[in-house]
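One structure is given here, and the rest of the page talks about it.
Heavy-atom basis, side chains included; hydrogens, waters and symmetry copies ignored. The model shown is predicted, which means the values in this text are computed figures rather than measured ones.
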Amino acid sequence: MAEENPYDPPKHAARPAAVSPVPLLWSMATVFVSAFVGGIMGTGIGVALGSLVPEYYRSVFPRGDDPTFDPVAVGIGQGLTQGVVFGGIVGLVIVALYYWYRLRSAVQSEAQN
């Protein structure tokens, strides 16, 4: 009598479906593109603030009264970093909402069957 290996899957078990990397790539691309767009928009806002209202950055930073202080350069740095962070957060929220929607519609369609 031949013994069966208890660690083998049952013969009637279905094969698991292949996992596609497309959703992961889509999620990563959404976050990166959102962060990139946020960085561009933040840089634009920082340049506008630094050139049109330079006293804003001069009043915010302790060394703003220094003659070598460049409010446009500070605006570029502040706008870029804050825009990238904000854009990345927006991208993460978009991805989370997308997967939440997919999960809810899958549960609803399963409940209807």
Side-chain angles (χ1 to χ4, degrees):
M1 180 169 164
E3 278 189 43
E4 288 189 35
N5 186 349
Y7 300 107
D8 284 338
K11 299 204 183 334
H12 63 277
R15 273 201 141 150
V19 177
S20 172
V22 173
L24 177 64
L25 293 176
W26 176 85
S27 302
M28 289 174 56
T30 300
V31 173
F32 285 133
V33 167
S34 181
F36 181 75
V37 169
I40 289 174
M41 290 175 62
T43 301
I45 292 170
V47 167
L49 277 174
S51 57
L52 299 175
V53 192
E55 295 305 315
Y56 169 72
Y57 287 124
R58 290 188 191 280
S59 66
V60 170
F61 289 94
R63 305 253 171 150
D65 56 353
D66 188 7
T68 60
F69 184 81
D70 186 7
V72 175
V74 171
I76 290 171
Q78 289 290 304
L80 179 64
T81 55
Q82 291 174 359
V84 166
V85 169
F86 183 72
I89 291 171
V90 167
L92 287 172
V93 168
I94 290 170
V95 169
L97 287 174
Y98 172 73
Y99 283 112
W100 175 75
Y101 171 76
R102 281 188 57 185
L103 179 65
R104 288 203 28 112
S105 38
V107 167
Q108 286 178 353
S109 68
E110 191 173 296
Q112 290 175 356
N113 291 337

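- No side-chain N or O of Y98 forms a donor-acceptor pair with one of T30 less than 3.5 Å apart.
- In the hydrophobic clustering of this structure, L24 does not group with V33; members are Ile, Leu, Val, Met, Phe, Trp, Tyr whose side-chain heavy atoms approach within less than 4.5 Å, directly or through other members.
- Taking CG of L80 as the reference point, atom OG1 of T43 lies at 4.0 Å (rounded to 0.5 Å).
- Note: the hydrophobic cluster containing V31 also contains W26 (ILVMFWY, side chain heavy atoms under 4.5 Å, direct or indirect links).
- When side chains are defined from C-beta on, Y99 counts as touching P23, because their heavy atoms get closer than 4.5 Å.
- In terms of heavy-atom proximity, S34 sits nearest to G91 at OG-N, 3.3 Å.
- With hydrophobic clusters built from ILVMFWY side chains whose heavy atoms lie under 4.5 angstrom apart, V93 does not share a cluster with V95.
- Between atom CZ of residue R63 and atom CZ of residue F69 there is a gap of 11.5 Å, rounded to the nearest 0.5 Å.
- The cluster map of Ile, Leu, Val, Met, Phe, Trp and Tyr, joined by side-chain heavy atoms under 4.5 Å apart, puts I40 and I76 in different clusters.
- Two residues are said to be in side-chain contact when any heavy atoms from C-beta on lie closer than 4.5 Å; V72 and Y57 fail this criterion.
- The two residues R58 and G64 come nearest to each other via the heavy atoms NH1-O, 3.1 Å.
- Looking at every heavy atom in both residues, D65 comes nearest to P62 through OD1-O, 4.0 Å.
- Here F61 contributes atom CZ and Q78 contributes atom CD; the two are 4.0 Å apart, rounded to the nearest 0.5 Å.
- Between S109 and A106 the shortest heavy-atom distance is OG-O, 3.0 Å.
- V60 and I45 fall within a single hydrophobic cluster, where Ile, Leu, Val, Met, Phe, Trp and Tyr side chains are chained together by heavy-atom contacts under 4.5 Å.
- The distance from the CD1 atom of I89 to the CD1 atom of I94 is 12.5 Å, given to the nearest 0.5 Å.
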